[in-house]
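Read the structure below first, then the notes.
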Amino acid sequence: MINPTYSSKSDIKQYRLKSRSTLRDRIQQLMTELTQAESELVNIREILNACSDAILITDTEINIIYVNPAWEKLTGYSFSEVEGKNPNLLQSSKTSYEIYTQLWRRLRRKRSYTTEEVIDKGKDGKEFQVYLTIFPVIREGKTLFYVQIMHDITDRKKNEEILSYYESIVKHSNDVIFSLTPDLLFNNWNPAAERLYGYTEKEIIGKHIGLLFPDHKKKEIKKLHKLTSKKFINFETERLTKQGEIVFVSVTVSPIFDRKGNFGGYSVIHRDITDKKRIDEFKKNFLSSAAHELKTPITTLKLLNQILIDKIKKNKQFEPLRVHISLIESELDRLNRLIGGLLDISRFETGKFHLDLQLVNISTLIKETVKKMNLMDKDHTIRVTLEPTLNVIIDPLRIEQVLTNLIINAIKHSKTQKPIEVTALNQKNKIIVKIRDYGEGIPPYTLNDIFKQFYQVNASSRDGFGLGLYICKTIIDKHRGKIWVTSKEGEGSTFFFSLPLQTKK
Ligand code: ADP
């Protein structure tokens, strides 16, 4: 710059005065700018401090010069612990090397970089996943520092993982799974649903659930409308395929609620039980016809055996055959009992079992049953304790069958000198019958099973078929009563059954 030439002293004074005032103005201006910059800096700092995303700033040597409180909270480190350090102290082994290479490549080209693939590790070693943005701050072509913004997506990623896990279960499930809107329109539809019902997802979404209901099951739709409480329902029923075929399904429907408890529709599972139903049907029919078919020849064999027994009695020369003939007789009785049991079960299952209800004095029935038992078995003493008037509406033949079965079991499982006690008590609105023995007792772990079909404590036992208690339970259930047992191994068992006093339907 060329200095101006001043000719006189006054000119020089004039010049000095002028430049002093210019300098003052300049300083003034700089001061204002500085105050402005300072207040902007304070503003920026406030913004960074208030930001919920974690922010870190490094100089160009990648040394930390600033972290905001959100960063301290996310990582567990305080600023004083990390100041001047490299941010790679957060690096975990979960982030691929490739990510860091890409990151540096972009920053060197003065470009920003964003990724979701970074999993970092906090001070306590706990990992977190972040949505990471890094960019250089550039002034007049020169990088001043680098800024890192981290948005914590750990929970979101976890939820996405759980969601994709459930999606995969639904997708690969063999059961039909779909959901419905509160208006019972299809919301989604899994591949198993498509396989069973023949509708594609595109065809069914938005359609009404009624599409799957055969006419005779349409009234079940009402069941769903009632289901807005927090319970689920489970039932077996029939549904209709796209091809018009009926399938048997086990249905579970649960209402869906959001976090606030608002009702949002239904989740539905259908399990195809068509094959099981067919097998059950076949079993029922087979059981019934096989039992009937066996009954006739056995009745004939019993008759023929009776003829042989009579012949032996009359003719001494056949005496050695007596043992064999009585063995045949007892085996035929065993077969007869099995067939009787199977016929009962087939009647229960086909709904052909009916009670012939009558008003009966149960005390008399018990006394008569015990009398018959005493004729059959002379080795055990059966003590009877009865309250005076015990009139009840029952099917006497069926209740006698229950009593006989329980007394025979008590005899079978007790030593001869041990008594058996039969008691009948009149309670408020029911009568209770107890059959007590002092025999071997029943192992506690089998007590829940002994009323089940074909269950035997000793499976190799040739004496019985595990049907007796199951039949007793079904008969008592049909009378709307209850049957149960208490037992102690080595001390004996007590079987109880109760019958309500008002049974007539
Ligand atoms: P089963 O005709 O084979 O005896 P039940 O259904 O009558 O079949 O009985 C089921 C099982 O319960 C039997 O295997 C038997 O061991 C056990 N049980 C029944 N009654 C008694 C009892 N009074 N004492 C001990 N065990 C018993």
Side-chain angles (χ1 to χ4, degrees), residues 283 287 290-291 294-295 298 329-349 353 366 369-370 372-374 376-385 397-425 432-479 481-498:
K283 202 182 90 188
L287 204 69
L294 283 169
K295 212 170 156 55
I298 283 174
E329 186 69 5
S330 80
E331 288 300 296
L332 284 175
D333 284 343
R334 221 171 95 77
L335 266 177
N336 240 342
R337 281 200 304 280
L338 172 64
I339 290 163
L342 292 178
L343 275 173
D344 273 345
I345 289 173
S346 114
R347 280 187 206 109
F348 299 154
E349 291 188 350
F353 177 82
I366 292 173
T369 313
V370 169
K372 285 184 203 165
M373 291 284 104
N374 279 330
M376 245 182 60
D377 173 86
K378 304 237 182 317
D379 299 330
H380 293 82
T381 314
I382 307 177
R383 293 187 201 134
V384 180
T385 313
L397 282 180
R398 287 300 183 179
I399 296 298
E400 181 182 336
Q401 186 181 350
V402 173
L403 280 165
T404 309
N405 220 309
L406 295 178
I407 297 171
I408 290 179
N409 275 354
I411 291 171
K412 266 197 318 200
H413 297 283
S414 315
K415 290 206 176 107
T416 47
Q417 65 275 26
K418 299 283 184 190
I420 287 149
E421 294 160 2
V422 181
T423 314
L425 305 168
I432 293 187
V433 181
K434 287 201 272 181
I435 292 97
R436 166 95 168 101
D437 68 61
Y438 295 87
E440 66 204 40
I442 304 168
Y445 57 89
T446 65
L447 285 177
N448 284 336
D449 296 318
I450 57 169
F451 293 101
K452 288 183 187 158
Q453 226 179 79
F454 295 110
Y455 186 84
Q456 288 191 295
V457 173
N458 179 1
S460 59
S461 158
R462 263 188 45 81
D463 197 12
F465 306 96
L467 289 178
L469 290 178
Y470 169 74
I471 292 170
C472 289
K473 180 170 164 27
T474 313
I475 293 172
I476 297 297
D477 284 350
K478 291 269 174 199
H479 281 84
K482 285 205 168 73
I483 186 163
W484 68 102
V485 62
T486 58
S487 184
K488 206 161 183 197
E489 275 183 289
E491 292 183 19
S493 315
T494 309
F495 280 84
F496 300 81
F497 66 85
S498 69

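Note that ligands are numbered from 1 as they come in the structure, with each ligand's atoms numbered from 1 the same way. Along the sequence shown, residues carry numbers from 1. From a predicted model like this one, the values you see are computed outputs, not experimental measurements.
Remark: Arg398 pairs with Asp344 by the salt bridge (Lys or Arg N to Asp or Glu O under 4.0 Å) rule, at least two apart or across chains. Applying the ring pair (Phe, Tyr, Trp, His ring centres under 6.0 Å) criterion to Phe353, with sequence neighbours excluded, gives Phe348.
To the nearest 0.5 angstrom, Ile442 atom CD1 is 4.0 Å from Ile450 atom CD1. The line from CD1 of Ile420 to OG of Ser414 is 4.5 Å long, rounded to the nearest 0.5 Å.
A salt bridge is absent between Arg337 and Asp333: the closest approach of a Lys/Arg side-chain nitrogen to an acidic carboxylate oxygen does not fall below 4.0 angstrom.
Polar contact with ligand 1: absent for Phe495 (N/O pair, distance under 3.5 Å). Any N or O atom pair closer than 3.5 Å counts here, and Gln456 shares at least one such pair with ligand 1. At least one N or O atom of Asn409, backbone or side chain, sits closer than 3.5 Å to an N or O atom of ligand 1.
In summary, of the residues considered (Lys418, Glu421, Lys415), a side chain to side chain donor-acceptor pair (under 3.5 Å) with Tyr438 occurs for Glu421 alone.
Looking at Asp437 against ligand 1, only its side chain comes within 4.0 Å, counting heavy atoms. Of all the heavy atoms of His413, the ones lying under 4.0 Å from any atom of ligand 1 belong exclusively to the side chain.
Across the listed options Gly492, Gly466, Ser487, Gly466 owns the non-hydrogen atom lying nearest to atom 8 (O) of ligand 1.
Less than 4.0 angstrom separates some heavy atom of Lys412 from each of these atoms of ligand 1: 4 (O). Atoms of ligand 1 lying under 4.0 Å from at least one heavy atom of Leu469, given by number and element, are 5 (P), 6 (O), 7 (O), 9 (O), 10 (C), 12 (O), 19 (C). Ligand 1 places these atoms under 4.0 Å from at least one heavy atom of Gly441: 25 (C). When each atom of ligand 1 is checked for a heavy atom of Ser493 under 4.0 Å away, the hits are 24 (N).
Not a single heavy atom of Phe451 lies less than 4.0 angstrom from ligand 1.
Residues Leu338 and Leu467 have side chains in contact (heavy-atom distance under 4.5 Å, counting atoms from C-beta outward). Here the side chains of Glu489 and Pro444 are in contact, with some heavy-atom distance below 4.5 Å.
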